[in-house]
**Q** 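Below are the structure tokens for one structure; questions will follow.
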Amino acid sequence: MNISFKGKTVVVSGAGLGFGRVIAESFAALGASVHGCDILEKGLAETAKQGVVTAVVDLTDRAAASAWIKRVEKETGGAVDILVNNAGGVAGQGPKPLEDVADADWDKIIAVNLGAAFALSRAVAPAMKTAKRGRIVNISSGAGLQASLTGIQAYCSAKHAVIGLTRQLAHELGPFGVTVNSVAPGFIRSNPATEKQWEGYGPDGQQALVERIAMKRLGSAQDIANAVIFFASDLASFVNGQVLSVDGGR
């Protein structure tokens with residue numbers, strides 16, 4: 001089966017680098033009209049070279065997130081067909097003892113991982129429900145299924161919550177023809193944060209991490225994009241509320 005998204009409107013958050021950029025570029029290559037946002041203006045400029053319409057949006061501002069979706073709907077003349085909630089990460093933070101975690105640090109990670117997915121899903125839902133169709137794909141993490149390799153409490157908690165949001169919205173939106181699923185990546189070197197994490201393991205830690213993967217290698221951002229494309233395609237028309245681990249068999 002040839003997968004095509006010609007005539008479809010796809011929205012990807014966190015499209016300035018890493019998974020988000022590759023996801024956006026992959027949909028564009030398959031014929032979709034793709035809109036991507038990020039706070040990284042320079043990164044978005046690179047993504048835009050592949051035919052993606054980009055916008056600088058701070059998704060921790062829920063009003064700004066909603067306004068962006070409204071602009072996309074106005075520009076395209078209809079509902080968003082596919083929303084990929086990819087924005088997230090550790091917000092530049094590293095592991096700390098629980099008693100040393102500041103409220104602001106906790107709130108920032110929750111906002112960019114969980115709050116952004118909530119805000120964008122809420123924004124696309126009315127038009128998707130009216131259209132009786134739609135796909136929402138949330139990028140969670142292996143940290144949403146077990147303790148996080150990052151050691152960051154808020155990140156692990158937020159990714160678990162993204163999976164909970166996925167399952168709840170699948171039940172709420174399913175009757176309207178909208179599916180909601182999640183891709184849970186394993187450790188993949190895809191952005192400055194994961195490169196820093198990788199370097200921090202040192203040679204022995206890096207080898208140990210790879211040895212815990214059944215395939216004995218790391219994956220790529222394209223592997224994550226491929227899983228997203230599956231959930232967004234007609235191949236997954238009766239797949240709803242599911243979490244797909246893309247981790248090489250950790």
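In this chain, residues are counted from 1 in sequence order.
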**Q** Could you tell me which non-hydrogen atom of S26 sits nearest to which non-hydrogen atom of A225, and how far apart they are?
**A**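 Looking at all heavy atoms of both residues, the closest pair is OG-CB, 3.8 Å.
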**Q** In the single-linkage hydrophobic clustering (I, L, V, M, F, W, Y; side-chain heavy atoms under 4.5 Å), do I23 and F230 co-cluster?
**A**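 Result: yes, single cluster for both.
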**Q** Can I136 be reached from V239 by stepping across I, L, V, M, F, W or Y side chains whose heavy atoms are under 4.5 Å apart?
**A**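 Cluster IDs for V239 and I136 differ.
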**Q** Which distance, rounded to the nearest 0.5 Å, do you find between the CD1 of I152 and the CD of Q197?
**A**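 Those atoms lie 8.0 Å apart.
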**Q** Nearest 0.5 angstrom please: M128 CE to T130 OG1, how far?
**A**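 These two atoms lie 11.5 Å from each other.
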**Q** With heavy-atom distances below 4.5 Å as the criterion, would you say the side chains of L235 and I3 are in contact?
**A**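 Sidechains of I3 and L235: in contact.
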**Q** Can you tell me if D247 uses its side chain to pair, donor with acceptor, with the backbone of P185 under 3.5 Å?
**A**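 Answer holds: no.
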**Q** Side chain of H35, backbone of V12: donor and acceptor closer than 3.5 Å?
**A**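 Absent.
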**Q** List, one per line, each side-chain donor-acceptor pair under 3.5 Å for residues 82-103, sequence neighbours excluded.
**A**
unit_1: N85; atom_1: ND2; unit_2: S121; atom_2: OG; d: 3.1
unit_1: N85; atom_1: ND2; unit_2: N138; atom_2: OD1; d: 2.8
unit_1: N86; atom_1: ND2; unit_2: S13; atom_2: O; d: 3.1
unit_1: N86; atom_1: ND2; unit_2: G14; atom_2: O; d: 3.1
unit_1: Q93; atom_1: NE2; unit_2: D105; atom_2: O; d: 3.0
unit_1: K96; atom_1: NZ; unit_2: D105; atom_2: OD2; d: 3.3

**Q** Please tell me whether L17 and Y155 are part of a single hydrophobic cluster in this structure, the criterion being side-chain heavy atoms less than 4.5 Å apart.
**A**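 No: no chain of side-chain contacts under 4.5 Å links L17 to Y155.
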**Q** Please list all pairs passing the salt bridge (Lys or Arg N to Asp or Glu O under 4.0 Å) test where one or both residues lie in residues 171-193, with sequence neighbours left out.
**A**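 Listed once each, the pairs are R189-E195.
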**Q** Do side-chain atoms of S157 reach the backbone of A154 as a donor and acceptor pair under 3.5 angstrom?
**A**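 Not at all, since once roles are kept as given, no pair shorter than 3.5 Å links the two residues.
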**Q** Report whether I109 and V162 are members of the same hydrophobic cluster (ILVMFWY, side-chain heavy atoms less than 4.5 Å apart, transitive linking).
**A**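 No, because I109 and V162 fall into different hydrophobic clusters, even though each may have its own neighbours under 4.5 Å.
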**Q** Of all heavy-atom pairs between Q242 and F231, which one has the smallest distance, and what is that distance?
**A**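 Shortest heavy-atom contact: O-CZ, 4.2 Å.
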**Q** Decide yes or no on side chain to side chain contact (heavy atoms under 4.5 Å, CB included) for V228 and I139, but give the supporting numbers first.
**A** CA-CA 8 Å; V228 172; I139 306 301; 3.6 Å; yes
**Q** When rounded to the nearest 0.5 angstrom, what distance separates CG in N240 from CG in L169?
**A**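 Here the rounded value is 10.0 Å.
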**Q** Measure across G36 and V52 and return the closest heavy-atom pair with its distance rounded to 0.1 Å.
**A**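 Where G36 meets V52 most closely, the heavy atoms are N-CG1, 3.7 Å.
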**Q** Do D234 and S237 have side-chain N/O donor and acceptor atoms under 3.5 Å apart?
**A**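 Side chains of D234 and S237: no pair found under 3.5 Å.
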**Q** Would you list the atom pairs, donor with acceptor, under 3.5 Å between side chains in residues 204-214 and any protein atom, with sequence neighbours excluded?
**A**
unit_1: Q206; atom_1: NE2; unit_2: W198; atom_2: O; d: 3.0

**Q** Less than 4.0 Å between a side-chain N and a carboxylate O, is that true for E46 and K49?
**A**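 Yes, charged N to carboxylate O under 4.0 Å.
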**Q** Not counting sequence neighbours, which residues clear ring-ring contact (aromatic ring centres under 6.0 Å, His included) with F27? List them please.
**A**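 Per chain and number, F27 pairs via ring-ring contact (aromatic ring centres under 6.0 Å, His included) with F5.
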**Q** Any side-chain hydrogen bond (donor to acceptor under 3.5 Å, both in side chains) involving residues 67-82? Give me the pairs, sequence neighbours left out, ordered by first then second residue.
**A**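 Non-adjacent pairs meeting side-chain hydrogen bond (donor to acceptor under 3.5 Å, both in side chains): D81-R133.
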**Q** Can you name the nearest heavy-atom pair linking A227 to V246, along with the distance?
**A**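 Nearest heavy atoms, A227 then V246: CB-CG2, 3.7 Å.
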**Q** Considering all heavy atoms of both residues, which atom of A65 and which atom of L59 are nearest to each other, and what is their separation?
**A**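 Heavy atoms of A65 and L59 come nearest at CB-CD2, 3.7 Å.
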**Q** Around atom CG of L145, are there more than 12 heavy atoms of other residues, nucleotides or ligands at under 6.0 Å?
**A**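 Counting other residues, nucleotides and ligands, CG of L145 exceeds 12 neighbours.
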**Q** Measuring from R135:CZ to S233:OG, what's the distance to the nearest 0.5 Å?
**A**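 Separation between the atoms: 7.5 Å.
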**Q** Is there a donor-acceptor pair under 3.5 Å between the side chain of R21 and the backbone N or O of A15?
**A**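 Not a single qualifying donor-acceptor pair exists.
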**Q** In Å, rounded to the nearest 0.5 Å, how long is the span from CG of L218 to OG of S190?
**A**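 Those atoms lie 10.5 Å apart.
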**Q** Has S140 got a side-chain atom pairing as donor or acceptor with V183's backbone, closer than 3.5 angstrom?
**A**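 Yes.
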**Q** Taking only residues two or more places apart in sequence or in another chain, which ones pass salt bridge (Lys or Arg N to Asp or Glu O under 4.0 Å) with K42?
**A**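 K42: no salt bridge (Lys or Arg N to Asp or Glu O under 4.0 Å) contacts found.
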**Q** Have T54 and T47 got a donor and an acceptor in their side chains that come within less than 3.5 Å?
**A**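 There is no such pair between these side chains.
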**Q** Assess the residue pair I188 and I224 against the criterion (side chain to side chain contact (heavy atoms under 4.5 Å, CB included)); give the C-alpha distance rounded to whole Å, side-chain angles, the decisive distance to 0.1 Å, and a yes or no.
**A** CA-CA 9 Å; I188 293 176; I224 306 308; 3.6 Å; yes
**Q** Applying side-chain contact (heavy atoms from CB on, under 4.5 Å) between L44 and each of I39, D38, V57, report the one that passes.
**A**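 The single option meeting the side-chain contact (heavy atoms from CB on, under 4.5 Å) with L44 is D38.
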**Q** Is there a side chain to side chain contact (heavy atoms under 4.5 Å, CB included) between K129 and L173 once you walk through the steps?
**A** CA-CA 7 Å; K129 289 165 72 174; L173 301 179; 4.0 Å; yes
**Q** Minimum heavy-atom separation for L149 to F187, with atom names?
**A**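 Taking every non-hydrogen atom into account, CD1-CB, 4.1 Å.
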**Q** Hey, could you give me the CG/NE2 distance between N113 and H160, rounded to the nearest 0.5 Å?
**A**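 Reported to 0.5 Å precision, the distance equals 13.0 Å.
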**Q** Taking V72 as the starting point, is it possible to reach V10 by hopping between hydrophobic residues whose side chains are less than 4.5 Å apart?
**A**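 No.
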